[in-house]
Amino acid sequence: MEVWVQEATFDVGQELNAFAKTAEGSGAVVSFTGITRDIAGGLRHMEIEHYPGMTERALGDIRLEAITRFDLTGARIIHRYGRLAPNEVIMMVLTAAPHRADAFKGAEFLMDYLKSRAPFWKREVTADGAEWVAAKDEDEDALKRW
Amino acid sequence: MEVWVQEATFDVGQELNAFAKTAEGSGAVVSFTGITRDIAGGLRHMEIEHYPGMTERALGDIRLEAITRFDLTGARIIHRYGRLAPNEVIMMVLTAAPHRADAFKGAEFLMDYLKSRAPFWKREVTADGAEWVAAKDEDEDALKRW
Amino acid sequence: MDVLYFAWVRERIGLPRERVETEAQTVRALVEELRAREDRYEMAFSDLSALRVAVDQRLTDFDASIAGAREVAFFPPMTGG
Amino acid sequence: MDVLYFAWVRERIGLPRERVETEAQTVRALVEELRAREDRYEMAFSDLSALRVAVDQRLTDFDASIAGAREVAFFPPMTGG
């Protein structure tokens, strides 16, 4: 299985090294790492809720779709849930392909789909209280290009 | 300086971790890793020649251009020269930005430009002898989209 | 069938999942049944355009059949990544 | 000025760099001088469309001025990355 949904933090460097090893002969490896940002200022922490079972299934489906579409030789998704401090790693996707354009497109496709199609919900907790992060129209629009 | 041209190998995981640390508050970190492939079969090793002085200057210019165009909060390029075995890391680019689309575009831009505009030349050594890798039209064409 | 709620839908309804016995054949019919129950359901389901639904862990729409479904989940648009 | 050769241009000419005294004002004029020297130069410079040139470490074209230049480099299209 190449999809991990976990509460624990992880080391992105270790993940990249491990993935690159499995991608021998691929030429191109792309990684995307998402980090909690304190956009408005005053973020105490972020909470990520998810839908156990459906999350793994949705990510698995998106992964297979990316592999097929872009002739990837490998793809991996790691996504955390639970409580995250500012500047913590939230998630990572990794893709490998013989050609760099495919590795890039595969990673962008995975990101666009998991943003709007994988059952995660973020909540930001500040001194003023907690607020669910609203989905962005631009994230929904990003799907239209695929 | 965020551009390294070196003969020694390097650990892509360590580089990603170090870069991600400097990119705090950026939200999105993208990495691209290029690995020597044995496309035709029989590759003994690859030799990369470069133009000391101009290489660093060209990569530095491309890096600044990427940062300006895509509002990157950080960008780093590491490129090796000398003799490389199959499945060794050749090079890596790293980008960080508040938005994922910019981090992706920045990395793709860096790759497209360094492929055709940085003074590196690859030579493949097989049992049959050594041959300079020909530049691909598709790599030159890739520049037109920017 | 099991009905699950996530994020602010869960908060408005006040529970993460419940067992629902229903004759409803579509998601929309199930929603109407739930809305008729209590204010907290009415509040959660007041604007369906702000909601997403999954039947047996697959995203679908409000006109989808729920005949034979084991679980139906309601939640706001997703914000992963 | 220093004239540098890389990759197969270096191999054909048989050396990586040399000192050249010239009155040539453009890259193209310099190339004509070099071609007139010996067969190995003629061979290296036979198809300019297969070559790239940098003057003082900046990519340019064959019509570029080399007046005052410290180094001019000739090489095939680059294949980095």
Side-chain angles (χ1 to χ4, degrees), chain A residues 3 5 32-37 39 46-62 77-81 84 89-93 107-124 129-143, chain C residues 1-20 22 26-28 30-31 34 39-81:
Chain A
V3 165
V5 181
F32 178 91
T33 303
I35 298 167
T36 47
R37 292 196 286 158
I39 298 170
M46 183 170 272
E47 284 166 12
I48 301 179
E49 183 171 335
H50 81 117
Y51 181 171
M54 178 171 164
T55 310
E56 290 80 356
R57 176 182 291 213
L59 294 180
D61 288 351
I62 292 166
I77 305 172
I78 308 161
H79 203 302
R80 296 176 62 194
Y81 59 86
L84 283 83
V89 170
I90 304 176
M91 51 77 60
M92 184 177 199
V93 307
E108 289 186 83
F109 175 90
L110 285 174
M111 285 307 302
D112 284 351
Y113 269 83
L114 82 76
K115 274 263 168 194
S116 309
R117 293 290 181 270
F120 291 102
W121 300 275
K122 292 196 189 103
R123 200 162 74 127
E124 290 178 343
E131 208 158 330
W132 291 99
V133 173
K136 289 190 204 120
D137 288 342
E138 67 189 67
D139 285 331
E140 190 64 34
D141 290 346
L143 297 181
Chain C
M1 91 186 41
D2 287 320
V3 179
L4 286 72
Y5 310 110
F6 291 97
W8 57 253
V9 182
R10 172 179 54 68
E11 291 179 333
R12 287 193 193 171
I13 291 177
L15 78 179
R17 72 156 64 208
E18 60 185 321
R19 187 89 198 150
V20 172
T22 179
T26 66
V27 175
R28 203 176 294 279
L30 172 63
V31 167
L34 293 168
D39 271 3
R40 57 198 172 101
Y41 290 94
E42 173 59 33
M43 228 176 67
F45 290 109
S46 61
D47 177 12
L48 291 193
S49 75
L51 291 182
R52 300 290 179 270
V53 61
V55 174
D56 286 339
Q57 304 191 350
R58 293 210 181 269
L59 271 183
T60 185
D61 56 63
F62 286 84
D63 295 317
S65 166
I66 55 170
R70 279 163 292 115
E71 69 186 47
V72 177
F74 296 101
F75 41 77
M78 291 151 278
T79 53

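Numbers restart at 1 for each chain; the letters A, B, ... are given by sequence-line order, proteins then strands.
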| Contact origin within A/Ile48 toward chain C - heavy atom pairs under 4.5 Å | neither
| Which region of A/Arg80, side chain (C-beta onward) or backbone (N, CA, C, O), has a non-hydrogen atom less than 4.5 Å from a non-hydrogen atom of chain C, or is it both or neither? | neither
| task | Heavy-atom distances under 4.5 Å only: say whether A/Asp61 touches chain C with side chain, backbone, both or neither. | result | side chain
| Pick from A/Ala58, A/Gly53, A/Gly34 with the largest number of heavy-atom pairs that fall under 4.5 Å of chain C | A/Gly53
| message | For A/Glu131, is the CD atom crowded, meaning more than 12 foreign heavy atoms sit under 6.0 Å from it? | response | no
| request: Looking only at non-hydrogen atoms, find the nearest pair between A/Val133 and C/Thr79 and report the distance. | output: O-CG2, 3.4 Å
| Taking it one step at a time, do A/Leu114 and C/Met78 satisfy side-chain contact (heavy atoms from CB on, under 4.5 Å)? | CA-CA 9 Å; A/Leu114 82 76; C/Met78 291 151 278; over 6 Å; no
| request: Could you tell me which portion of A/Ala118 (side chain, backbone, both or neither) has an atom closer than 4.5 angstrom to a non-hydrogen atom of chain C? | output: backbone
| note | Max heavy-atom pairs within cutoff under 4.5 Å with chain C, candidates A/Glu140, A/Met92, A/Met111, A/Arg117, goes to A/Arg117
| task | Give a yes or no on whether C/Asp47 atom CG has more than 12 heavy-atom contacts from other residues, nucleotides or ligands under 6.0 Å away. | result | yes
| Take atom CZ in C/Arg70; do more than 12 heavy atoms of anything else shown fall under 6.0 Å from it? | no
| Any side-chain heavy atom of C/Phe75 within less than 4.5 Å of one from A/Glu49? | no
| note | If you tally heavy-atom pairs under 4.5 Å between each of A/Met91, A/His50, A/Lys122 and chain C, the highest tally belongs to A/Lys122
| note | OH of A/Tyr51 to CZ of C/Phe6, rounded to nearest 0.5 Å, is 5.5 Å
| Do you know the tightest heavy-atom contact between A/Arg57 and C/Asp56? | NH1-O, 3.4 Å
| request: Report the residues that fulfil ring-ring contact (aromatic ring centres under 6.0 Å, His included) with C/Phe74, sequence neighbours left out, ordered by chain and then residue number. | output: C/Phe45
| Does atom CG of C/Asp63 have more than 12 heavy-atom neighbours, drawn from other residues, nucleotides or ligands, at distances under 6.0 Å? | yes
